[in-house]
Novice: 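Dropping the structure in here first, questions after.
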Amino acid sequence: MDWVWFQQDWVSYLLLPGALAAGLAIFAWFGDRRRMRRSDPDAVGLMPWTNLFFWALFAAVALLGLAARSWWRS
């Protein structure tokens with residue numbers, strides 16, 4: 001298997017932030033799920049989990065999609 005694609009410049013700019021954004025999206029998804037299943041409906045938190053999940057997932061898909069596109073062309 002040819003691992004030269006991993007040594008290109010775009011890896012550090014697309015893969016690492018994309019993976020971090022995906023991890024943040026998973027964390028926010030669990031936070032939103034926990035918020036939706038809370039036992040006390042009046043105990044509202046301060047974090048906008050739904051918005052955080054959406055934007056983190058959007059960033060992860062965009063960054064990892066660009067990385068995959070660049071990898072596919074090389």
Novice: Tracing side-chain links under 4.5 Å among I, L, V, M, F, W and Y, which residues wind up in one group with F58?
Specialist: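 Members other than F58 - counting any ILVMFWY side chain reachable under 4.5 Å - are F54, W55.
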
Novice: Mind checking salt bridge (Lys or Arg N to Asp or Glu O under 4.0 Å) for R35 and listing every partner two or more places apart, or none if nothing turns up?
Specialist: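 Residues passing salt bridge (Lys or Arg N to Asp or Glu O under 4.0 Å) with R35: D32.
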
Novice: Taking atom CZ as the centre, does R38 end up with more than 12 heavy-atom neighbours from other residues, nucleotides or ligands that are less than 6.0 angstrom away?
Specialist: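 For R38, atom CZ is crowded (more than 12 foreign heavy atoms under 6.0 Å).
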
Novice: Work out which heavy atom in F53 is nearest to a heavy atom in A25; give both atom names and the distance.
Specialist: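 Shortest heavy-atom contact: CD1-O, 3.1 Å.
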
Novice: Check side chain to side chain contact (heavy atoms under 4.5 Å, CB included) between D40 and all other residues, then give those that pass, not counting sequence neighbours.
Specialist: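 Partners of D40 under the side chain to side chain contact (heavy atoms under 4.5 Å, CB included) test: D42, A43.
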
Novice: For the hydrophobic clusters of this structure (ILVMFWY residues joined by side-chain heavy atoms under 4.5 Å, transitively), does one cluster hold both L57 and L20?
Specialist: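 No, separate clusters.
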
Novice: Quick check: closest heavy atoms across L63 and G18, and the distance to 0.1 Å?
Specialist: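 That closest heavy-atom pairing would be CD1-N, 3.7 Å.
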
Novice: Please name all residues satisfying ring-ring contact (aromatic ring centres under 6.0 Å, His included) with F30, sequence neighbours left out, ordered by chain then number.
Specialist: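 Residues passing ring-ring contact (aromatic ring centres under 6.0 Å, His included) with F30: none at all.
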
Novice: W49: which other cluster members, linking ILVMFWY side chains closer than 4.5 Å, directly or transitively?
Specialist: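 Cluster partners of W49: L24, F27, M47, L52.
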
Novice: Going by side chain to side chain contact (heavy atoms under 4.5 Å, CB included), name the residues that satisfy it together with A21, two or more places apart in sequence or in a different chain.
Specialist: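 Listed in chain order: A59, A60.
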
Novice: Counting C-beta onward and ignoring hydrogens, is there a side-chain heavy-atom pair between L64 and L14 closer than 4.5 Å?
Specialist: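 SC-SC contact between L64 and L14 ruled out.
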
